[in-house]
Amino acid sequence: MQILYPFSIDAAPQPVGSSWASDGTVSPALTGGFLKDSSSVGFGRFCIELFISEDYAYLCESRSIALKGKLVIGHNMLLDVMHTVHQFYCPLPADLNEFKEMTTCVFPRLLDTKLMASTQPFKDIINNTSLAELEKRLKETPFNPPKVESAEGFPSYDTASEQLHEAGYDAYITGLCFISMANYLVHYPFSFSFGRLFLMRVMDIPYLNLEGPDLQPKRDHVLHVTFPKEWKTSDLYQLFSAFGPFASIPQQSTVIHLSLACSHFRKNIQMESDSC
């Protein structure tokens, strides 16, 4: 079986053709109007030929999610989203904005529970946002965890005997975490934005915004430092210790990015270097 699947979602899907246009895009005529305008939107190239029935079933389900705008919930889900798009749709583009557009077409409403737990009003009352610890914390005050009953013949997961990193179990407790946090938000004037995926180890950009530009933090406290190859880490600490706490991020053998905890020290460093 060969299916051609266009990504730009505009109307209910119509039967599509199974050939490419000469320029590598799909003609709107072949897609029954499913593409808005393949020449301007540029999504025609994001088509895929599927030959495995299981993949086709998954694709049909994903198309239904996209068309109906269903909410897709995950925990620290950026890598999961990337693998899903890459394995079932097309290779990931090199351009970030292109990736954002493509992902938003496939999954119009994404919500990351790790990001949710890391932001207000939860960040002050949740210390550990790893999935297992989050699930435990959300069973305690002031949260109201859901009571889940499984259908007959379908034994439920027992959270008392953890089955972490099993896909079904992780998905299950992610759902529990979301419901508990959503119940909490009912009593507070907070809303949560969709299409934002948690970013690991990026302190000043906590999430990737699929629906718009990303945060542009000030980085005037970050210095690009080149030093002699004979120097050791202790030499750098001795040189910069007078300007308060800092973190160093190696780039090359003789280059680091040095992040000052207090940005106002940046002016002092500039004054001293000018006087040398």
Side-chain angles (χ1 to χ4, degrees), residues 61-62 64-85 99-100 103-152 154-217:
E61 182 177 347
S62 298
S64 178
I65 289 173
L67 289 171
K68 295 179 181 179
K70 293 294 185 180
L71 178 62
V72 176
I73 300 168
H75 187 84
N76 199 12
M77 65 192 299
L78 176 58
L79 193 58
D80 301 282
V81 170
M82 293 173 70
H83 278 308
T84 300
V85 171
F99 168 74
K100 290 182 178 184
T103 302
T104 303
C105 278
V106 178
F107 299 117
R109 299 176 74 210
L110 292 173
L111 190 144
D112 193 325
T113 52
K114 187 172 181 72
L115 179 62
M116 190 174 183
S118 303
T119 53
Q120 294 293 359
F122 300 108
K123 65 181 300 183
D124 294 334
I125 52 179
I126 296 176
N127 296 323
N128 190 332
T129 60
S130 67
L131 183 56
E133 294 304 315
L134 179 62
E135 187 271 332
K136 293 176 183 176
R137 176 67 183 91
L138 293 173
K139 289 179 178 177
E140 303 170 350
T141 306
F143 300 103
N144 180 26
K147 293 179 173 59
V148 180
E149 295 182 4
S150 298
E152 185 177 353
F154 294 88
S156 64
Y157 281 114
D158 183 3
T159 55
S161 57
E162 297 177 341
Q163 301 177 56
L164 297 170
H165 305 301
E166 179 183 315
Y169 181 80
D170 283 359
Y172 170 60
I173 63 175
T174 295
L176 296 181
C177 290
F178 169 72
I179 294 171
S180 295
M181 288 190 286
N183 286 341
Y184 183 85
L185 285 178
V186 169
H187 307 289
Y188 293 88
F190 284 94
S191 60
F192 197 82
S193 299
F194 301 114
R196 296 179 178 182
L197 305 183
F198 184 82
L199 289 178
M200 294 285 289
R201 299 184 178 89
V202 186
M203 300 302 294
D204 52 1
I205 307 178
Y207 58 83
L208 177 68
N209 184 10
L210 296 175
E211 299 184 352
D214 293 306
L215 298 175
Q216 297 292 326

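Computed from heavy atoms alone, side chains included, the values below leave out hydrogens, waters and symmetry copies. What you see is a predicted model; the values in this text were computed from it and never measured.
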Inset, instruction - Enter the distance from S130:OG to R137:CZ here, rounded to the nearest 0.5 Å. - result: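 Taking OG in S130 and CZ in R137, the distance rounds to 13.0 Å.
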Legend entry - Distance, nearest 0.5 Å, that separates CZ of R196 from OG1 of T119: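 So the gap between those two atoms works out to 9.0 Å.
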Would you say that [X] contacts [Y] through its side chain, given a criterion of any heavy-atom pair below 4.5 Å between the two side chains?
X	Y	answer
I179	L138	no
T174	M77	no
L131	I173	yes
L185	M116	yes

Inset, instruction - Output all residues satisfying ring-ring contact (aromatic ring centres under 6.0 Å, His included) with Y184, sequence neighbours left out; order by chain, then residue number. - result: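 Partners of Y184 under the ring-ring contact (aromatic ring centres under 6.0 Å, His included) test: F122, F143, Y188.
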Inset, instruction - Applying side-chain contact (heavy atoms from CB on, under 4.5 Å), run through L208 and K100 and close with a yes or a no. - result: CA-CA 9 Å; L208 177 68; K100 290 182 178 184; 3.8 Å; yes
Legend entry - Partners passing salt bridge (Lys or Arg N to Asp or Glu O under 4.0 Å) against E166 (at least two apart in sequence or in another chain):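 By the salt bridge (Lys or Arg N to Asp or Glu O under 4.0 Å) rule, E166 matches no residue at all.
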Legend entry - Main-chain N/O of N144 paired to N183 side chain as donor or acceptor, under 3.5 Å: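 Looks like yes, one N/O pair under 3.5 Å.
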Legend entry - L210/F107 under side-chain contact (heavy atoms from CB on, under 4.5 Å): CA gap, chis, key distance, verdict: CA-CA 10 Å; L210 296 175; F107 299 117; over 6 Å; no
Legend entry - Where P145 and S180 come nearest, the two heavy atoms and their spacing: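 Looks like CA-OG, 3.3 Å.
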Legend entry - Any pair counted as side-chain hydrogen bond (donor to acceptor under 3.5 Å, both in side chains), so long as it reaches residues 72-82, sequence neighbours left out: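 Sorted result for residues 72-82: H75-T113.
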Inset, instruction - Let me know which of L197, D112, L215 forms a side chain to side chain contact (heavy atoms under 4.5 Å, CB included) with Y207. - result: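 Of L197, D112, L215, side chain to side chain contact (heavy atoms under 4.5 Å, CB included) with Y207 is met by L215 alone.
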What pairs with [X] under side-chain contact (heavy atoms from CB on, under 4.5 Å), at least two apart in sequence or on another chain?
X	answer
S118	K114, T129, F198
K139	E135, T159
L79	H83

